[in-house]
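For reference, the structure discussed in these notes is given below.
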4 protein chains.
Amino acid sequence: MRIEKKQIEEVNKRDLKSHQDHYNFLGAQLTNQGHEVDEVVKKLSQFQVAIPSWALGAGGTRFARFSYYGEPSTLGQKLEDVGVLHALTKTAGAVSLHIPWDVPEDYKAISELASSLDITFDAVNSNTFQDQLNQKESYKYGSLGDRSSVVREQATAHNIDVINIGKKLGSKALTVWLADGASFPGQNNFQESLGNTESSLKKIYASLPQDWKMLIEYKPYEPNFYSTIIQDWGTSFMLANACGERATTLVDLGHHLPNTNIEQIVATLMYKGKLGGFHFNDSKYGDDDLTVGSIKPYALFLIFNELVYGMENNPKNPELSWMIDASHNLKDPLEDLIQSLDAIQEAYAKALLIDQKMLKEAQKDNDVTLCQEILQRAYRTDVRPLIAEARLIQGGAINPIKAYRNLGIRQNLINERGANSKASGL
Amino acid sequence: MRIEKKQIEEVNKRDLKSHQDHYNFLGAQLTNQGHEVDEVVKKLSQFQVAIPSWALGAGGTRFARFSYYGEPSTLGQKLEDVGVLHALTKTAGAVSLHIPWDVPEDYKAISELASSLDITFDAVNSNTFQDQLNQKESYKYGSLGDRSSVVREQATAHNIDVINIGKKLGSKALTVWLADGASFPGQNNFQESLGNTESSLKKIYASLPQDWKMLIEYKPYEPNFYSTIIQDWGTSFMLANACGERATTLVDLGHHLPNTNIEQIVATLMYKGKLGGFHFNDSKYGDDDLTVGSIKPYALFLIFNELVYGMENNPKNPELSWMIDASHNLKDPLEDLIQSLDAIQEAYAKALLIDQKMLKEAQKDNDVTLCQEILQRAYRTDVRPLIAEARLIQGGAINPIKAYRNLGIRQNLINERGANSKASGL
Amino acid sequence: MRIEKKQIEEVNKRDLKSHQDHYNFLGAQLTNQGHEVDEVVKKLSQFQVAIPSWALGAGGTRFARFSYYGEPSTLGQKLEDVGVLHALTKTAGAVSLHIPWDVPEDYKAISELASSLDITFDAVNSNTFQDQLNQKESYKYGSLGDRSSVVREQATAHNIDVINIGKKLGSKALTVWLADGASFPGQNNFQESLGNTESSLKKIYASLPQDWKMLIEYKPYEPNFYSTIIQDWGTSFMLANACGERATTLVDLGHHLPNTNIEQIVATLMYKGKLGGFHFNDSKYGDDDLTVGSIKPYALFLIFNELVYGMENNPKNPELSWMIDASHNLKDPLEDLIQSLDAIQEAYAKALLIDQKMLKEAQKDNDVTLCQEILQRAYRTDVRPLIAEARLIQGGAINPIKAYRNLGIRQNLINERGANSKASGL
Amino acid sequence: MRIEKKQIEEVNKRDLKSHQDHYNFLGAQLTNQGHEVDEVVKKLSQFQVAIPSWALGAGGTRFARFSYYGEPSTLGQKLEDVGVLHALTKTAGAVSLHIPWDVPEDYKAISELASSLDITFDAVNSNTFQDQLNQKESYKYGSLGDRSSVVREQATAHNIDVINIGKKLGSKALTVWLADGASFPGQNNFQESLGNTESSLKKIYASLPQDWKMLIEYKPYEPNFYSTIIQDWGTSFMLANACGERATTLVDLGHHLPNTNIEQIVATLMYKGKLGGFHFNDSKYGDDDLTVGSIKPYALFLIFNELVYGMENNPKNPELSWMIDASHNLKDPLEDLIQSLDAIQEAYAKALLIDQKMLKEAQKDNDVTLCQEILQRAYRTDVRPLIAEARLIQGGAINPIKAYRNLGIRQNLINERGANSKASGL
């Protein structure tokens, strides 16, 4: 299924007047305060976040999974779902594939479909945390960091395969997330595991095309519950340095110990030119994979403050790969993703409204009160009109959730695919 | 020193037009959405938060304390500081005294001073976590829960003294915070400590006037680092039940383990009619005592959502005692408190904008997406005009920080008190 | 399959002499220090822990599950597995069934099988966190605490069914674990959810036989990631009080926020006569469900210190239901359970060696150094000979893991059941 | 005061026979299992831990400090206290000075005193987290990482002063702990702060003698409660790499977020040759600074497992500086330190008993059960006789706490110094 521009225009009609009033009022205010509103809106409209192919069906926990209706069961249907998101929000113009769940059968057809939906292929993801049918070696005890060289070679070869698949689709980055680690003290030798991982990553890096990035993800625990080989940004950064310039660190918001100051990690990595990508989600306890911005929106704003700063001040840092990585256990996955996209735009817009010059002055004076005022002034601004405007000028919906519902999209998907279709992959 | 109404009016002049534009625009929007804006502003203007007498000087850590300039060194000066806060914000119309730091020498003079500043006396606080000069028994190993009956009696008697002091000033509540606990396994017998604490609290409760509340605070750790006798809301609630109807639980935002869902605790206590008071602050790691709303403003909003709900739906719950309990290590304490008061008003205002009826419907339909939309809609609203209006109609400042600075208040205090005056108490 | 006593005797032979030497040496030492060694060994040999029926196959995470070989695929086979554990360790003389995974087809046959293996039926567990095939109402959004009365009734009826099944097998307790909660702020109304849960539990309690206990489990998060209705011991305790005397709280070691002082919770509940049962496991991050004692053995010892104290000093507290509740993702499940049983016995033995009289004295003197010495003296003792003796005198193995391997039990199970048999249930 | 060898011999007499029996029995057991017991005892007797000069008086919290009796009030008295500890335990043969609290007035006298007590001078510590009387610039907002170059220069110069003082005493390492950070979002620019810190550290490093190490400590929070410039090992490691080969990372056990896998950090740093030193203490919640081994002894054992492994397998890693860094709020500081020294020896002894060869085999086989058995076998061994023997053969006490009390040392100190003497410094 595919949403036509006209349909969206039709839905927008009802809110257009009200939107324009708000936008004009806010615009005047912000202009008064010295902001270039057009510039902000332009930046918002250029910001594109990749949708991972596995996020279009309902997720689950180790206790249960409750399926949603009308889930996409082929790669083509997944692209169509991303197409719906992009048509409505104009900020989801990329997809991130997961191999082997999403190997195209017909590359040409898939490429054309994506292109017709204005969707590009962002980072490709390898999978060495599950065993596939007929797989020779098991990843039960490890993959790129496993003690057995045969397992490591299989896992390395798989990553190189993933690169080759990505090349055919125009991807420019490989994301490596390792489940490798141990659930019990003594199970692994830390130094050996780290050495093995380093050496496998270097082999993969050797196969990385010159215009690609490698993104090395870190995570403190889960699915292993005593240790993870790449447990934190420090380890990822160290490994990226060992591989070379195009190897970078990927930050997933949910992959941190309680109370971690993530924005500082972002700043440090950008300072060193080593932040390669970002996985958005939100969480209260662990890697909860909740909708972006649903739990700690201020923390997200502070992170965007660092991202905006880094994008302007760290030319050495590569362009970032942005992706949502959440699990939709209770909501309609597409609605959940729309809410995530919205929250990302909101944090970005507010970060763009921070008066960096005044902040620098206040910092210089050790005027801590004023520093806080400046951040809160930006954060307290209601930026919804800016985001709506950014969508509107590109043909998107003023209010995407409302449009999604008014257009009866989920019902259409169920009609097309059947209620009990199941998302391939997870 | 004392701020005259005229001074504030003078400062407000410059921002008046802009404020009115914003307020009118927002008001129209909200009215459109079905809100009774006047009602919201009225509630905001009625909401009064107590300032603790110990928060008017700079705080410190176990590593160092850096004094601020012009700190109040007498109880009278402390009241004057609260007077400044109240004149500017119109939401700080109460003070919470800490005994023995703030025992009045002349009750009549103190009462008159407070009254002239439109300040009432909220809960009085006892102190059994420090030894005072010439104190007979030491609280090193405990107070109300100590093994020694002599220590317990001294601590009990002190609390009764505090009640008597409070009675003379018109307080209607006693706050008991205990540092009692252990830093090492085996140091205390848990059951004995709990029993001792229960029995001491009952004795204090027996001396509580009929129109008073007792507020029992809980805290998981610090200054003891293995266990605290009243470690969580469950223990406080159990003790309050053992004492009687007027014994209640006090929630301090910083007194929880990482990731605690505090809003659920608030809801549970109000459901049982046992939430007596609230200590506001913010924190990232432990009992950090930072400015309210400076770290997790969305969590504060969710808490206020429960408070608003409970105030409307739980008639059995007593009226709450609100207090800021933060430590001002780096900022001008008065500016820090103004920022806290502002953040409280903001969270309250946004909570008042939640469409409770629509929320109830969405919950009934298990429409999780919509539930989130409803909360975020309220939260994303820029409520600053509402808060400014609530202040303005009572003679307060449109922008209190700006007014505080324009009026040169800190400099005046330094002139009056000397740069090196030190806050009595902490 | 079934282990004969002779087989164990045969395996024990090799270690007998060495065991006796150690036991005699340690016994003399302990007797010297004033301990009644026989009494300790007797208590150890009487301590029986239930094995949950779902723990006999490999567990998994939301990312993957790697099956083990020779898993039991029927209830009979599960009992046989428990029989193996009990024959070797003599401390696993009970099983805890999970309904609907383990409904017996032939009650008489199952009872006889259990009896022949010297196994009793401990608490029965209901399941309202998953949907079963052909189930009328879904538990996706809740069960006993759901907004819909139809869902609540179905879940309540299921719990009553579970009681009836348990009655036929001689169980004396029902364990209620609820996944109910919310993954997003606003999704549920806390007060309503709590009220619904209370009312459902009361209905179940009304069907509880006079000689049964109800065990109410709590958990802060997972599978819901914003809130759980019964989030902590305080909520469970409150609900148990609302139900009546035979309703109690169940503590699962993994169901706490980071850094929680669990031993203090145990002491508080026993003080109030409300600790009903205990689920053993270990964890580093969340509800990791690792082998008991594999991560924090000293914390387990401190908990047993409170349990031993409570069992001796709190006659009002009911007899406790002990169960292992771990997930065996990487090890042979039976070996994992043997290690857990061993760790429990170890902690219990060490707790029994604490000199309670001397500790009381040291506490009275505020001799914190000595309090710590007394606990550490007990903990540092190598109690393995005591545990081995407790097993030996009942016909168990001196070293159960060694015996399990020497007897080739897993291979036998594979031969009997096939390598790819899968555990029913999870 | 000074303990004579004879006094210790006298006290040992009573326990000698019993010790020898235990030691012989354990020795035979361990020899049987293939251990070289003499080698283990030798390693234990060679292991020396530095006592920080500030740990000899009672510590406190931000709420209160309760002094102990007979605290050392001069550097000479502090050395005497360390002398007492070393005489009894034979494992405290070094002191770590804190400047400016412990600047010697007479270097020769202090050196001779130390030498006569068999005490060497380990790492010297700078202090830029407090303002000293008559200090020109304040460290309120920062020191080595401060925005102001004047502040940075003052802090840098102080560190170089500290090196010069250390040189006169034979120290070979400088420990830099920075309180620098921010308590509020926006207060500092992360990138600027990090850059400033890096540049100051490089300047200090340039003054570091060729045979010295620089130890860079990290800490996630406190005394700043939003961010710390050197927040984790990754940041410290990055800074150490920027400075040069002799710059290393120092791990303080209490300076981590909840649930951090510290042993893995140790392994990673040793793998890279960058672990320079270790601060021992224990904690349940934050930087609680409790007695070593009083809360998580198994975690300490796992850390020592990595240390032992690294000392044998990472020749590139420098020799480590070991120090206790705890705060003695409730116990006699000397008793507390003895308990810490004991716990360190215990963890070290147990780590030395891990059968590394068998472990390597079990790891190779993915025999997770056996890996755990091997670690637990070592850990469950009662190693107290080994530690006592290591002390005994050097003239120390079999049971140092007992000896300390029997010899009435605290009373002697009170007699010499007066009950109310106060430790200089903290």
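Proteins get letters first, then strands, A, B, ... in listed order; numbering begins at 1 in each.
Residue contact with chain C, scored on non-hydrogen atoms closer than 4.5 Å, involves the backbone and the side chain of D/Asn261 alike. With a 4.5 angstrom heavy-atom cutoff, D/Arg384 touches chain C only via side-chain atoms. In this structure, chain C has a heavy atom under 4.5 Å from the side chain of D/Phe25, while its backbone stays farther away. D/Leu370 touches chain C through backbone and side chain together, each having a heavy atom under 4.5 Å away. Residue C/Ala299 does not touch chain D at all, counting heavy-atom pairs closer than 4.5 Å. Of the two parts of D/Thr260, only the backbone, made up of N, CA, C and O, holds a non-hydrogen atom closer than 4.5 Å to a non-hydrogen atom of chain C. For D/Ser18, no part lies near chain C; criterion is any non-hydrogen pair under 4.5 Å. Using a 4.5 Å cut-off between heavy atoms, D/Gln29 contacts chain C through its side chain alone, with no backbone atom that close.
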Please walk me through it: do D/Gln339 and C/Glu373 pass side-chain hydrogen bond (donor to acceptor under 3.5 Å, both in side chains)? CA-CA 8 Å; D/Gln339 290 187 315; C/Glu373 288 286 301; 2.9 Å; yes
Does the pair C/Leu44 and C/Val383 meet the rule for a side-chain contact (heavy atoms from CB on, under 4.5 Å), with working shown? CA-CA 11 Å; C/Leu44 291 174; C/Val383 296; over 6 Å; no
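Among pairs with a residue in residues 292-303 of chain C, none fulfils side-chain hydrogen bond (donor to acceptor under 3.5 Å, both in side chains), at least two apart in sequence or across chains.
Most heavy-atom pairs under 4.5 Å with chain D: of the set C/Asp21, C/Asn366, C/Asp367, C/Leu375, this distinction falls to C/Asp367. In terms of heavy-atom pairs under 4.5 angstrom with chain C, the leader among D/Asp382, D/Val368, D/Thr369 is D/Thr369. Ranked by heavy-atom pairs under 4.5 Å with chain C, the list D/Glu335, D/Lys284, D/Gln376 is led by D/Lys284.
Applying the salt bridge (Lys or Arg N to Asp or Glu O under 4.0 Å) rule to C/Arg410 yields the partners C/Asp332; only residues at least two apart in sequence or on another chain are considered.
Between C/Arg391 and C/Asp342 there is a salt bridge, since a side-chain N of the basic residue sits under 4.0 Å from a carboxylate O of the acidic one. Taking 4.0 Å as the cut-off between side-chain N and carboxylate O, C/Asp252 and C/Lys219 do not count as a salt-bridged pair.
Residues D/Phe304 and D/Phe280 bring their aromatic ring centres within 6.0 Å.
Figure legend: cation-pi geometry between D/Lys350 and D/Phe301 absent, as NZ or CZ is not positioned both under 6.0 Å from the six-membered ring centre and within 45° of its axis.
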